[in-house]
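No hydrogens, no waters, no symmetry mates; every other heavy atom, side chains included, goes into these values. Every chain is numbered from 1 and lettered A, B, ... according to where its sequence line falls, protein lines coming before strand lines.
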Number of protein chains: 2
Amino acid sequence: MRNRIREMRTGHGWSQAELALRLEVSRQTVNALERGRYDPSLPLAFRIARVLGAPIEAIFLDEEGEAGQPDS
Amino acid sequence: MRNRIREMRTGHGWSQAELALRLEVSRQTVNALERGRYDPSLPLAFRIARVLGAPIEAIFLDEEGEAGQPDS
DNA sequence: GATGAATGACAAGGACGCTTTACATTTCGG
DNA sequence: CCGAAATGTAAAGCGTCCTTGTCATTCATC
C-alpha cells in the first residue's frame, strides 16, 4: 500500500529519527514504512495521521486492485 | 481500539458470514474484530471502510490515551 | 424435541509488524 | 578531505493478524 509519509515528513522538516520519536516507534520502522516494506498496524496508522496532521485516507493510498510488492 | 463494525453491519442487514464474504476474510475474523479481540491490518481496515460505506475514522475510534486490552 | 442459522470460542500454524543491535552508505558543513 | 548527521540494511526474536478446522450455545421454526 503506497503512502506519502516521506513527503509529509520532509514537509514538516523532520528527520526519520524525529518522526520516529513523535510516533513512539523505532527509526527503522519509519524507514521501512517510507520505503514501502510493509504497512503499519491500524493504531500506528492513526498515530501517523495525528502527527502528520492529515486523515489516514490522505496518507495511505488505497490502490484497490494493487498487489503491493513489499519492495523485494 | 474500539470499532462500530457490528452496528454498521446489522444496519446493512448482514450476518457476520455475509460481511466476511464481502471483505474476503473468514467469518471468525469478522467475529474477532467485532468482539475487539484485535485490530485489523490497515489494508483490511480500508476494505471494511469501503464495504461499510464510511471513512476509517468513522468506524474505528482513536481513543488516544487508551490502553486497549485485546479483551483477554 | 429436532433442525438449521447465527454467533462465540479455541488451538495450531503461517505471515506480518515492530523491536534491538549492529554495520554500511550517503550527504553536507567546515 | 573530515566528521557527524541522516539514511539504508540485515538478522534474531516476539507478539499480532488471519487462516482452517472444530465444537458449543442460542434462537427461531417446524
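- Summarising the geometry, the separation between OH on A:Tyr38 and P on C:dT19 is reported as 7 Å, rounded to the nearest angstrom.
- Applying the side chain to side chain contact (heavy atoms under 4.5 Å, CB included) test between B:Leu19 and each of B:Leu33, B:Ile48, B:Thr29, B:Val30 identifies B:Val30 as the sole match.
- OP1 and OP2 of D:dC17 both lie 4.0 Å or more from every side-chain N or O belonging to B:Arg37.
- Residues from residues 13-32 of chain B with heavy atoms under 4.0 angstrom of DNA chain D, sorted by number: B:Glu24, B:Val25, B:Ser26, B:Gln28, B:Thr29.
- End-to-end axis angle for the helix from C:dG1-D:dC30 to C:dG30-D:dC1, using five pairs per end and rounding to 10°, comes out at 40°.
- B:Arg9 is linked by a salt bridge (charged side-chain N to carboxylate O under 4.0 Å, His left out) to B:Glu34, counting only residues two or more places apart in sequence or in another chain.
- Every residue two or more places apart in sequence or in another chain was checked for a side-chain hydrogen bond (donor to acceptor under 3.5 Å, both in side chains) with A:Arg27, and none qualifies.
- Applying the ring pair (Phe, Tyr, Trp, His ring centres under 6.0 Å) test to residues at least two apart or on different chains, the pairs with a partner in residues 13-37 of chain A are A:His12-A:Trp14.
- Distances shown here put every side-chain N or O of A:Arg9 at or beyond 4.0 Å from the OP1 or OP2 atom of D:dA6.
- Using a 4.0 Å cut-off, no side-chain N or O of B:Ser41 falls inside it from OP1 or OP2 of C:dC16.
- The separation between B:Leu42 atom CG and C:dG17 atom C1' is 12 Å, rounded to whole Å.
- We find that CD1 of B:Ile5 is positioned 13 Å from P of C:dT7, with the value rounded to whole Å.
- Residues satisfying the salt bridge (charged side-chain N to carboxylate O under 4.0 Å, His left out) criterion with A:Glu18, sequence neighbours excluded, are absent altogether.
- Under the 3.5 Å distance criterion, the side-chain polar atoms of B:Glu57 are matched with a main-chain donor or acceptor of A:Ile56.
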